[in-house]
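These notes concern the structure reproduced below.
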2 protein chains.
Amino acid sequence: MSAAAPHPVERLAEEDTLSLAERAYRRLRDAIVQGTLASGSRVSERSLAQALGISAQPVREALRRLEQDGMVITLPRRGTVVAEFGPARQAEMGRIRAALEGAAAALAAERADAAALAALATQLAAMRAATEAGRPERVSEANERFHALIHAATDNVFLIRSLAALRAYDHFGRVRALNATPEELPRALAEHAGILAALQARDPETAEARMRAHVLRSLEVGGLLPHGLKTQGLKTPGPKTRTPPV
Amino acid sequence: MSAAAPHPVERLAEEDTLSLAERAYRRLRDAIVQGTLASGSRVSERSLAQALGISAQPVREALRRLEQDGMVITLPRRGTVVAEFGPARQAEMGRIRAALEGAAAALAAERADAAALAALATQLAAMRAATEAGRPERVSEANERFHALIHAATDNVFLIRSLAALRAYDHFGRVRALNATPEELPRALAEHAGILAALQARDPETAEARMRAHVLRSLEVGGLLPHGLKTQGLKTPGPKTRTPPV
DNA sequence: TCCTGCCATCTGCTATGGCAGAGGCCATGA
DNA sequence: TCATGGCCTCTGCCATAGCAGATGGCAGGA
């Protein structure tokens with residue numbers, strides 16, 4: 001169970017100051033999304049506690065959070081098992097994430113302050129540089145940070161926590177999507193630019209529509225959604241609302 | 001702290017079989033939304049445990065869930081405080097809920113089976129009967145059940161749990177909205193009928209759009225959103241009123 | 001008066017132990 | 001052979017106790 005933490009943004013917080021429960025949560029979550037803990041595996045508080053070298057109490061707390069995330073299912077007095085984790089599940093979590101990311105973008109468009117917008121611009125520049133340099137892994141990092149900054153700009157704990165959990169689901173799917181085709185990197189970059197422009201323009205509707213379309217399209221590229229699915233439920237950026245360069 | 005449970009659907013599960021942590025969670029949540037536990041109140045595991053007559057462990061578990069819901073804020077080793085809970089917060093939670101309810105409706109349109117659709121039709125009939133009889137409280141109950149059935153039809157634990165938490169936020173706001181004007185009851189009924197029709201037609205897009213509009217409009221009636229079109233015309237309350245807790 | 005360092009006390013956090021429900025196993029009996 | 005009931009072990013759940021970080025008050029010294 002030596003799962004390499006796949007979340008660069010969370011790595012910023014030094015491991016030592018985190019509670020045992022938080023560390024157990026991340027390790028278990030990463031193990032699940034990586035497949036180290038296969039679907040259907042029975043996990044008990046005591047066995048995990050022994051494996052992790054800690055007490056059963058923080059393990060229990062971690063399992064409760066994972067249950068809220070839908071990653072494990074626990075039947076009272078009977079046991080806890082890892083939930084099924086196929087592509088279908090990931091696809092549906094991705095669609096939920098698209099809805100929530102859209103809501104986050106709308107809120108961010110209303111209340112992001114100058115500092116937040118500046119930080120977003122910084123990450124966008126980093127993403128552009130990494131794209132031109134042909135460094136997908138750096139693009140991925142900047143991508144995660146860009147979205148995390150938008151979440152933080154909403155100043156809404158529920159959104160931040162929910163989206164963190166949802167993004168954990170297909171983190172590797174996004175990495176795979178960015179490496180799918182050569183034109184994927186510049187396209188993702190352009191979409192980010194369009195989103196930031198909507199945020200700067202204080203346009204919640206456009207920000208939400210663009211963010212939602214961006215997430216859904218990246219899901220398609222990652223192979224989690226059939227191509228050409230309905231993104232037209234929302235108004236997609238038409239020729240009029242074309243994303244201006246930068 | 002004798003908070004009357006405002007959630008009729010959750011009342012169905014008998015109190016005795018529930019875990020102490022679950023009961024503590026519901027009691028605290030209801031106390032917060034009712035205002036019995038005012039925003040800014042300091043709540044500690046030990047004091048709440050003594051007040052509830054149980055150990056500190058289940059209380060801690062309840063507080064962790066409330067923290068995920070954004071209802072309390074806990075600073076490590078320092079304390080736990082009830083989060084601010086003004087109309088602005090409720091409005092933003094309502095908008096998030098609109099997005100998630102829309103996603104739930106879309107999923108339900110794809111995978112609701114005949115039994116689920118029949119149950120929805122039953123609740124719709126009950127809502128119609130209660131509307132014609134002029135019984136707002138019964139309309140409210142049928143309303144909650146209708147939405148809960150859609151959530152259940154998604155078969156997605158994350159959605160079900162998240163929406164349960166979000167709906168707790170403005171439960172009383174919805175009750176107030178239903179009693180706002182005489183024409184509100186039949187309008188909500190008509191909207192529900194339209195949503196069910198979209199579900200029966202297996203039309204995710206329409207279901208999502210109608211559900212989203214339905215939630216947003218009910219928020220407006222409840223006074224949580226300014227009247228107007230959708231998310232349009234939202235007055236930005238200024239950049240990020242960050243209030244450092246305590 | 002102001003600063004400084006100690007200490008009592010609060011908090012969340014973790015470890016440990018035990019309780020009760022839920023199956024599984026196996027001897028017993030028909 | 002098959003049903004049955006007692007036991008045994010597993011599980012999640014809860015209570016208790018103690019630890020460590022954070023805070024505030026207060027005495028003592030400049």
Side-chain angles (χ1 to χ4, degrees), chain A residues 10 13-29 32 37-83 157 161, chain B residues 1 10 13-29 32 37-83 157 161 244-246:
Chain A
E10 289 179 357
E14 36 262 283
E15 284 271 326
D16 305 331
T17 66
L18 294 178
S19 69
L20 293 183
E22 178 71 23
R23 276 184 274 180
Y25 167 72
R26 297 188 184 179
R27 287 191 62 172
L28 293 177
R29 184 191 62 184
I32 291 178
L37 256 60
S39 302
S41 301
R42 291 180 55 87
V43 285
S44 75
E45 303 174 355
R46 285 171 173 79
S47 62
L48 285 179
Q50 191 170 8
L52 296 176
I54 59 178
S55 161
Q57 214 61 45
V59 173
R60 170 179 173 79
E61 195 167 310
L63 288 178
R64 300 304 255 185
R65 280 185 65 182
L66 290 173
E67 188 181 15
Q68 283 225 341
D69 297 347
M71 288 193 177
V72 301
I73 301 175
T74 152
L75 296 86
R77 306 276 182 185
R78 295 190 49 182
T80 305
V81 291
V82 178
V157 183
R161 286 183 171 265
Chain B
M1 190 177 306
E10 288 180 356
E14 37 262 282
E15 284 272 326
D16 305 332
T17 67
L18 294 177
S19 69
L20 292 183
E22 177 71 24
R23 276 184 274 179
Y25 167 71
R26 297 188 183 179
R27 287 190 63 173
L28 293 177
R29 184 193 62 185
I32 291 178
L37 255 60
S39 302
S41 302
R42 291 179 55 89
V43 285
S44 75
E45 302 176 354
R46 286 171 174 79
S47 60
L48 285 180
Q50 191 171 9
L52 296 177
I54 60 179
S55 162
Q57 214 62 43
V59 172
R60 170 177 172 81
E61 196 167 310
L63 288 178
R64 299 304 254 185
R65 282 186 64 184
L66 290 173
E67 187 181 17
Q68 283 225 339
D69 297 346
M71 288 193 177
V72 303
I73 300 174
T74 152
L75 297 86
R77 307 278 182 185
R78 294 190 50 183
T80 305
V81 195
V82 178
V157 184
R161 286 183 171 268
V246 181

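Below, chains carry the letters A, B, ... as their sequence lines are ordered, and counting in each starts from 1.
Taking only side-chain nitrogens and oxygens, B:T80 comes nearer than 4.0 Å to OP1 or OP2 of C:dG12. Phosphate proximity of D:dT11 to A:S44: present, with a side-chain N or O under 4.0 Å from OP1 or OP2.
Here the closest non-hydrogen pair linking A:A21 and A:A62 is O-CB, 3.9 Å. Contact detail for A:G70 and A:A83: the closest heavy-atom pair is O-CB, 3.6 Å.
The salt bridge (charged side-chain N to carboxylate O under 4.0 Å, His left out) pairs that include a residue from residues 45-56 of chain B are B:E45-B:R60, where partners are two or more places apart or lie in different chains.
The interatomic distance linking A:E22 (CD) with C:dT14 (C1') rounds to 15 Å, in whole Å. Summarising the geometry, the separation between CG on B:L18 and C1' on D:dG12 is reported as 15 Å, rounded to the nearest angstrom. If you measure from atom CG of A:L52 to atom P of C:dT14, you get 13 Å, rounded to the nearest angstrom. In this structure, A:Q50 places its CD atom 19 Å from P of C:dT14, rounding to the nearest Å. The distance from atom CD1 of A:I54 to atom C1' of C:dT14 is 9 Å, rounded to the nearest whole Å. Rounded to an integer number of Å, the gap from CG of A:L20 to P of C:dG12 is 17 Å. What separates CG of A:L48 from C1' of D:dG12 is a distance of 13 Å, to the nearest Å.
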I'd like a table of atom pairs between the protein and nucleotides 21-23 of chain C - only N or O on both sides, under 3.5 Å - with the distance next to each one.
from, atom 1, to, atom 2, distance (Å)
C:dG23, OP1, A:R78, NE, 2.5
C:dG23, OP1, A:R78, NH1, 2.9
C:dG23, OP1, A:R78, NH2, 2.8

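Residues of residues 57-70 of chain A having a heavy atom closer than 4.0 Å to DNA chain D, listed by number: A:Q57, A:R60, A:R64.
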As a quick check of understanding, evaluate side-chain contact (heavy atoms from CB on, under 4.5 Å) for B:L48 and B:L28, giving each step before the final call. CA-CA 9 Å; B:L48 285 180; B:L28 293 177; 4.0 Å; yes
side-chain contact (heavy atoms from CB on, under 4.5 Å) assessment of B:V59 paired with B:V43: CA-CA 10 Å; B:V59 172; B:V43 285; over 6 Å; no
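Taking OG1 of B:T80 as the start and CD of B:E67 as the end, the distance is 7.0 Å to the nearest 0.5 Å. For the atom pair OG1 (B:T17) and CD (B:E22), the distance works out to 10.0 Å, reported to the nearest 0.5 Å. Taken to the nearest 0.5 Å, the CG atom of A:L20 stands 10.0 Å off from the CD atom of A:E61. Residue B:Q68 holds its CD atom at 10.0 Å from CZ of B:R161, rounded to the nearest 0.5 Å.
Comparing C:dT16, C:dG12, D:dA15 against the side chain of A:S55 picks out C:dT16 as the nearest.
No donor-acceptor contact under 3.5 Å links the side chain of A:R46 to the base of C:dG17.
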